[in-house]
Every structure is written in structure tokens, then in C-alpha cells.
Amino acid sequence: MQQKWYQSTEVEVDSLGQSLHFYMETIEVSRLSALAFYAAGEECYKGERFYWQNREKTMTLVGLGHAHTIQNNAQHERFDAVEAEWKNLTKNCPKGQSELQPILFGGFTFDPQNNVDGEWTDFPEAYFALATFQLVIRDDKAYVSIHLLTQNHQAEDQLEVLRKERDHLIHAAQVKEVKTYTKPDITNYFEPYKEPYLASIDQVTALIKQKKADKVVIARSLALQFKEDVSAPQVLSQIIHEQPESYLFGLEHKDLLFFGASPERLVKVEEGRAFSSCIAGSIKRGKTAEEDETYGQSLLNDPKNSGEHQYVVDMIVDTFRKNCVDMTVPDRPRLLKIRDIQHLYTPVEGQLNQNATILQLTKSLHPTPALGGVPRKEALAAIRKYEPMNRGLYAAPIGWLDAEGNGEFAVAIRSAALLSDKAYLYAGGGIVADSEPQAEYEETLVKFRPMLRALGGRLHE
Ligand SMILES: C=C(O[C@@H]1C=C(C(=O)O)C=C[C@H]1O)C(=O)O
Ligand SMILES: [Mg+2]
């Protein structure tokens with residue numbers, strides 16, 4: 001195996017009164033498919049894996065096994081608690097080259113106050129992992145790191161076992177690279193809350209007309225039953241091939257895989273510069289270039305969709321003003337076209353203030369009016385009242401951060417939870433005073449499409 005040593009470090013960590021040793025070792029690997037590496041962990045690391053690729057496809061991340069997890073069920077403190085624990089764990093880590101950094105990957109659920117039982121019952125409100133085996137692919141270079149946290153200050157034997165396992169995983173990935181996956185077979189398809197959903201749109205528009213809120217994002221789910229168990233690599237391979245313009249993510253927790261292909265950035269921090277995106281307002285793609293252009297123009301000129309969009313811009317710009325200097329925001333939205341849908345899109349960026357961090361920004365931004373509403377408190381109360389489900393990680397922040405404060409979180413829309421032979425897909429839309437139930441219902445059908453296609457289904461295409 002062609003590999004180049006990069007770095008091997010041992011640092012002391014004080015965790016919950018315990019003194020730990022944090023061992024990190026990184027090698028550069030010549031050629032590796034991220035999905036094949038993920039799939040190589042099928043037997044030993046199922047339930048403890050993650051996959052991430054940014055929209056630009058300049059960074060791919062895979063984690064196999066848990067060297068350490070940071071999780072909690074706190075209502076208000078969950079962002080701060082994750083931040084404090086990660087800072088403590090990494091405070092002695094050497095700074096420098098980004099591909100050598102230990103990475104924390106995970107997500108915060110949409111609403112820790114939601115206690116509706118279902119597929120998310122077991123899932124922590126904040127769930128993050130430092131992988132035992134971390135693959136980072138940047139600029140076509142692949143790096144595999146081993147992470148080990150132990151009380152043992154002579155961990156050479158443990159490390160040797162992990163090195164053998166790492167080499168085995170890399171080898172398996174290089175051999176398996178050509179594998180192709182079939183789509184799952186769906187045996188049953190149902191929309192559990194179609195009628196309550198349609199009714200809720202009328203109830204929410206009534207609320208908005210009474211000036212009790214300006215905008216509320218209402219979502220619903222679609223349930224699928226498969227002929228047999230569906231594997232994580234099987235569905236990830238579909239979205240990798242079908243959704244190249246989106247963030248791609250997969251996060252496993254026990255028997256659940258949450259995965260998706262989202263166009264929406266919540267926040268990215270790179271060397272002190274922060275980026276976000278306002279994405280709200282939607283229309284389908286046209287069947288011809290002319291029809292697509294006509295739809296796009298009508299979206300740009302539509303007052304209902306512009307209203308939905310502006311709430312998001314106002315809130316994100318306001319949050320950036322409090323945390324950044326030197327901001328840039330275009331005056332008018334442009335179109336963001338992805339395979340099934342086009343959106344109104346306004347990018348926002350700025351220079352982060354000294355004390356602002358990616359997790360503090362995530363905490364302030366979530367949920368933006370693209371997924372919650374305006375005012376936030378009233379919108380969340382309406383969601384709790386009218387949505388009979390638990391969103392779990394749907395519409396919530398998912399992503400990574402390193403030890404130096406860089407990182408990126410996407411908004412986990414166009415997503416689904418897979419549990420063995422069942423899947424739940426999620427989609428919603430921004431409800432404003434002039435929303436109509438049937439049109440909103442159809443907008444959710446379009447938003448279900450990416451996950452439905454990946455899972456072997458079709459909807460009015
Ligand atoms: C809520 C979703 O998407 C959000 C709502 C949109 C809208 O209502 O126009 C558009 C993009 C997203 O901000 C979803 O995809 O489930
Ligand atoms: Mg909409």
C-alpha cells in the first residue's frame with residue numbers, strides 16, 4: 001500500500017476529572033473512494049459511521065467507529081455544552097494543516113422540546129462523534145487518521161491493533177471500489193398525515209391573518225416499507241450519483257441512518273470568514289429550457305415567494321451583523337437550480353468577530369425562518385401544535401468542525417431516516433398569509449423527490 005506518514009501526536013486531555021491520552025496518527029493514501037471506505041465498515045462499525053460531502057465537492061469526510069462521542073439532551077445549553085467539551089478535548093492539539101485536524105461530526109435536532117415518539121425517540125438532542133478512523137479527501141488527496149482516547153499512557157499495543165484495522169479497511173475499500181448498488185424495492189408507500197397536513201395549512205394561514213405570526217414552516221413525512229433491509233452504502237451511493245449539486249450527508253446512530261442531499265448552507269467558517277445562505281421560495285423545474293426559464297422568472301417576480309424569502313434574509317443578515325464585520329449581501333435574490341426544484345437564493349458572508357465561533361453562530365441561526373418561521377417563538381409553538389411528528393434531525397444543523405474553529409453546517413432538508421426495512425422522508429414549506437394548501441402540498445411532493453428517487457420510488461415525474 002502506498003502511503004506517506006504525515007503526523008503522529010499524543011496529547012493530554014482532562015475529561016470529566018479523568019486524565020486521558022489522545023493519540024492521533026495520519027497517513028496520506030494514494031487512491032480511495034469515500035463510499036467504498038464507508039462500506040468497508042459495514043460489519044464492524046454499523047451504527048457508528050458518518051459521511052459528508054460539501055456542495056462544491058472539495059471536501060469529503062467519512063468516519064468509521066467512535067473514538068469519542070459528545071452527546072446531550074439539554075434544551076438550551078446543548079450548543080455550549082458541545083463546544084466546551086470539544087474545546088477541552090482538543091485544546092492541546094497541534095494547530096496547522098487542516099487535513100491533519102481531528103474532526104467532530106454530528107448534528108443538533110430541530111427541536112429538543114418535541115417529545116413525540118417514533119423513529120427519533122432514542123436520538124440525543126445533540127449527537128457528535130470523533131471517529132476512530134477518519135477519512136478526509138481534499139483537493140484529490142486522501143488522508144486517513146486514527147484517533148484513540150485512552151487512560152493508557154502506553155498505548156502502543158492498542159495503536160498497533162488500530163493500524164492493522166486501518167490498513168485492512170483501506171485495502172477493502174480499494175478492492176471494493178467497483179461495487180454498484182441496486183435501488184431498494186418498495187412494497188408499501190403512505191403519507192401518514194396528509195389530511196391533517198392540508199388542514200394545518202388553513203389553520204396556520206388563519207393564525208398569520210390574525211397577526212399571531214408572519215411565517216411558519218410546516219412539514220410532513222412520507223413512509224416507505226421495503227421488501228428487505230436497505231443498507232447505508234446502498235442509499236448513499238444513489239444520492240452521490242443523483243444529487244451532485246447538493247451537500248450529501250449520512251449519520252448513523254444505532255439502527256438509524258439519517259441521510260440526505262441538501263442545497264442549503266446554514267453556516268461555514270473558514271479561517272475567520274463566515275458564510276451562510278438564505279434559501280426560501282420554490283418552484284419546479286421546467287421540462288424544456290424555455291419552460292424552466294419562464295418558471296425561474298415567475299419565481300423571481302412572485303410576491304408570495306419573495307415574502308417567504310425576505311424573512312430569511314432579514315434574520316440571517318441581522319445575526320451576521322451581531323457576529324461579523326465587513327459583510328456582503330446582494331440586494332436581490334438569484335435563482336438556485338437543483339435537479340428537481342429551483343429556489344430563491346441570497347448568499348451572506350462576513351468576517352467573524354474575535355469571540356464568535358461556528359457553534360455560537362449555529363446556535364443563533366437555528367432555526368432560521370427558512371425552517372422555523374417568524375417570530376421564532378410563535379412559529380415554533382405553531383409547529384409543535386400543528387405538526388403531529390418529530391422532525392428529529394430534519395431541518396436541523398448537521399455538519400462538522402475541527403480543532404481550529406473551521407467547519408460547516410448544512411440545514412438537513414431533502415432528507416430521510418432509514419431504519420432497516422423502513423424509511424421516513426421529510427419535507428415542508430414556508431407558510432405565509434397567502435399560502436394555499438394544495439399548492440403547498442404539491443411543493444412538498446417536489447421536495448420529497450430526491451430521497452424518494454434514491455430509495456427506489458417515483459412521484460409524478
Ligand atoms: C422546508 C424545506 O425547504 C425550505 C422551504 C422552502 C420553501 O418553502 O420555499 C425552500 C427551501 C427551504 O428553505 C424542505 O425542503 O423540506
Ligand atoms: Mg415555499
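Atoms within a ligand are numbered from 1 in the order they appear, just like the ligands themselves. Residues: numbered from 1 along the sequence shown.
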Problem - Proximity of Leu371 to ligand 1 by residue part, where a heavy atom lies under 4.0 Å - result: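 The answer is the side chain.
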Problem - SB check Asp111 Arg391 (cutoff 4.0 Å) - result: no
Exercise for the section: Indicate yes or no: does Arg414 engage Glu242 in a salt bridge with an N to O separation below 4.0 Å. Expected result: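 Here Arg414 does not pair with Glu242 in a salt bridge, since their nearest N and O are not under 4.0 Å apart.
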Completion exercise
On a heavy-atom basis, the closest approach of Lys215 and Gly430 is CE-CA, 3.7 Å
Handout entry: Contact summary for Leu445 and Arg220, nearest pair of heavy atoms
Key = CD2-NH2, 3.5 Å
Handout entry: Student check: side-chain heavy atoms of Ser145 and Pro102 closer than 4.5 Å
Key =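 Counting from C-beta outward, Ser145 and Pro102 never come under 4.5 Å.
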Exercise for the section: Work out whether the distance between some heavy atom of Ala280 and some atom of ligand 1 is less than 4.0 Å. Expected result: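 Judged by the 4.0 Å heavy-atom criterion, Ala280 does count as contacting ligand 1.
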Handout entry: Proximity flag Glu443 to ligand 1, non-hydrogen atoms under 4.0 Å
Key = yes
Practice task
Under 4.0 Å from a heavy atom of Glu264: give me the atoms of ligand 1 that qualify, with their elements.
Solution key: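 Taking each heavy atom of Glu264 in turn, ligand 1 has 12 (C), 13 (O) under 4.0 Å.
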Problem - Any N, O or S atom of Glu308 closer than 2.8 Å to the Mg ion (ligand 2) - result: yes
If you measure from [atom] to every heavy atom of [options], which option wins on shortest distance?
atom	options	result
atom 5 (C) of ligand 1	Lys447, Glu308, His343	Lys447
atom 1 (C) of ligand 1	Tyr394, Tyr426, Phe448, Tyr345	Tyr394
atom 4 (C) of ligand 1	Pro263, Ser277, Ala370, Gly372	Ala370
atom 8 (O) of ligand 1	Pro450, Pro369, Gly430	Gly430

Exercise for the section: Look up atom CD1 in Ile316 and atom CZ in Arg265, then write down how far apart they are to the nearest 0.5 Å. Expected result: 11.5 Å
Exercise for the section: Measure the spacing between CG of Leu236 and OH of Tyr181 and express it to the nearest 0.5 Å. Expected result: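 It is 9.0 Å, given to the nearest 0.5 Å.
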Name the closest protein heavy atom to [atom], giving the residue it belongs to and the distance to 0.1 Å.
atom	answer
atom 2 (C) of ligand 1	Gly428 O, 3.5 Å
atom 3 (O) of ligand 1	Arg414 NH2, 3.3 Å
atom 13 (O) of ligand 1	Ile279 O, 2.6 Å
atom 9 (O) of ligand 1	Ser282 OG, 2.5 Å

Handout entry: Distance-only side-chain donor-acceptor flag, Tyr295 / Arg285, under 3.5 Å
Key =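 No.
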Handout entry: Any donor-acceptor N or O pair under 3.5 Å, side chains Thr58, Glu56
Key =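 Side-chain D/A pair, Thr58 to Glu56: absent.
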Exercise for the section: Just do the side-chain contact (heavy atoms from CB on, under 4.5 Å) check on Val329 and Arg321 with the steps written out, would you? Expected result: CA-CA 11 Å; Val329 192; Arg321 279 222 177 88; over 6 Å; no
Handout entry: ligand 1 to Val217 polar contact by distance, N or O atoms, under 3.5 Å
Key = no
Handout entry: Nitrogen or oxygen atoms of Gly281 and ligand 1 under 3.5 Å apart
Key =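 Indeed, backbone or side chain, Gly281 has an N or O that close.
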Fill in the blank from the handout: Checking distances from the Mg ion (ligand 2), one finds that the N, O or S atom of Glu443 closest to it is OE2
